[in-house]
Amino acid sequence: MKIFLVGYMLCGKSTTGKRLAKKLGYDFADTDKMIENKYRLRVERIFEKYGEQTFRLLEKEILEEVKSLDDMVIATGGGLPCFGNNMRTLKQMGRTIYLKMSAKSIIARHKQSKRPRPLLKDKDDEQLLDFVSKSLEKREVFYQQADIIIRGESVDIAEIIAKI
C-alpha cells in the first residue's frame, strides 16, 4: 500500500510522513527530495532556473516512478496534487491524506522555517497572507478530494492509522 500526504507547503507532510512510516513499518519518500536527488538541484534552484512549469513536469515524472514502489508513505510537494490529473493518479495508487492548515498557520511556520520556499520569497506580511490565502483557496478543491482530512496543526499519528 502507498499512503500519500497532500496539502499546502509547510503543513507538516514530511515530518508527519516520517513518523507515520516508522509506526507502520513502511519506507518514507518526499517527492521534492526525490526530484532534488535525481536532478542534483534544490527545488528553489529549479524554479529560478527553469520555472514552475518545468518543475511541475518533473513532479509528474517522479509520480510515474512512485507507481512501482510499495509499502511507502510519500509526502508530495504542495502543488503536485493540483496539476494535471495528479490527484486522481494519487488516489488510484493508494490512500491520500490531506493535512489541512489555515493560511495564518502556514505563514507562521514559514517565518520560522530555514528552508526557502520559491513561491513565498520576497513577499512582505500582507503579500504573504494574500498569496497564501488565494493559492490555498484554489488548491483546496484538489486537497478536499483526499480520502482522509486531518488538521495539520495537531497531527495525531494514532488517529491517522485508525482512519487508514
To the nearest 0.5 Å, what is the distance between CD1 on Ile106 and OG on Ser102?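 One finds 6.5 Å between CD1 of Ile106 and OG of Ser102.
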
Leu20 side, atom CG; Lys18 side, atom NZ - distance, nearest 0.5 Å: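 Reported to 0.5 Å precision, the distance equals 13.5 Å.
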
Would a distance-only check, ignoring hydrogens and angles, find a side-chain to backbone donor-acceptor pair under 3.5 Å from [X] to [Y]?
{"X": "Asp70", "Y": "Met1", "value": "yes"}
{"X": "Arg109", "Y": "Leu10", "value": "yes"}
{"X": "Lys100", "Y": "Gln144", "value": "no"}
{"X": "Asp30", "Y": "Ser14", "value": "no"}
{"X": "Thr15", "Y": "Gly12", "value": "no"}
{"X": "Ser105", "Y": "Met101", "value": "no"}
{"X": "Glu61", "Y": "Leu57", "value": "no"}
{"X": "Thr96", "Y": "Lys91", "value": "no"}
{"X": "Lys38", "Y": "Leu58", "value": "no"}
{"X": "Thr31", "Y": "Gly77", "value": "yes"}

Are side-chain heavy atoms of [X] and [Y] found at a separation under 4.5 Å?
{"X": "Lys49", "Y": "Thr54", "answer": "no"}
{"X": "Met93", "Y": "Leu63", "answer": "yes"}
{"X": "Tyr50", "Y": "Leu41", "answer": "yes"}

Among Thr89, Val73, Thr76, which residue satisfies the side-chain contact (heavy atoms from CB on, under 4.5 Å) criterion with Phe4?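 When side-chain contact (heavy atoms from CB on, under 4.5 Å) is applied between Phe4 and each of Thr89, Val73, Thr76, only Thr76 qualifies.
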
Applying side-chain contact (heavy atoms from CB on, under 4.5 Å) between Ile3 and each of Asp147, Asp71, Ile97, Ile74, report the one that passes.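 Going through the options one by one, the only one that passes is Ile97.
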
Tell me the closest heavy-atom pair linking [X] and [Y], and the distance in Å.
{"X": "Glu59", "Y": "Gly79", "answer": "OE1-C, 4.3 Å"}
{"X": "Pro81", "Y": "Tyr143", "answer": "CG-CE2, 4.1 Å"}
{"X": "Ala146", "Y": "Val6", "answer": "CB-CG2, 4.4 Å"}

Only counting residues at least two apart or in another chain, list the ones meeting side chain to side chain contact (heavy atoms under 4.5 Å, CB included) with Met34.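 Residues passing side chain to side chain contact (heavy atoms under 4.5 Å, CB included) with Met34: Ala29, Ile62, Val66.
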
Tyr8 and Glu140: CA distance, side-chain angles, deciding distance, side chain to side chain donor-acceptor pair (under 3.5 Å) verdict: CA-CA 9 Å; Tyr8 205 77; Glu140 191 74 14; over 6 Å; no

Would you please name every residue forming a salt bridge (Lys or Arg N to Asp or Glu O under 4.0 Å) with Lys2, sequence neighbours left out?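 Here no residue qualifies.
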
Pair Phe28, Met72 - check side-chain contact (heavy atoms from CB on, under 4.5 Å), show working. CA-CA 6 Å; Phe28 172 76; Met72 295 281 299; 6.0 Å; no

So, are [X] and [Y] salt-bridged, with charged N and O less than 4.0 Å apart?
{"X": "Arg56", "Y": "Glu52", "answer": "yes"}
{"X": "Glu137", "Y": "Lys134", "answer": "no"}
{"X": "Glu36", "Y": "Arg45", "answer": "no"}

Quick check on the hydrophobic clustering: are [X] and [Y] connected, directly or via other members, by side-chain heavy-atom contacts under 4.5 Å?
{"X": "Phe83", "Y": "Val43", "result": "no"}
{"X": "Leu90", "Y": "Phe142", "result": "no"}
{"X": "Met9", "Y": "Leu80", "result": "yes"}

Trace of the side-chain contact (heavy atoms from CB on, under 4.5 Å) decision for Val132 with Lys104: CA-CA 9 Å; Val132 172; Lys104 288 184 179 183; over 6 Å; no

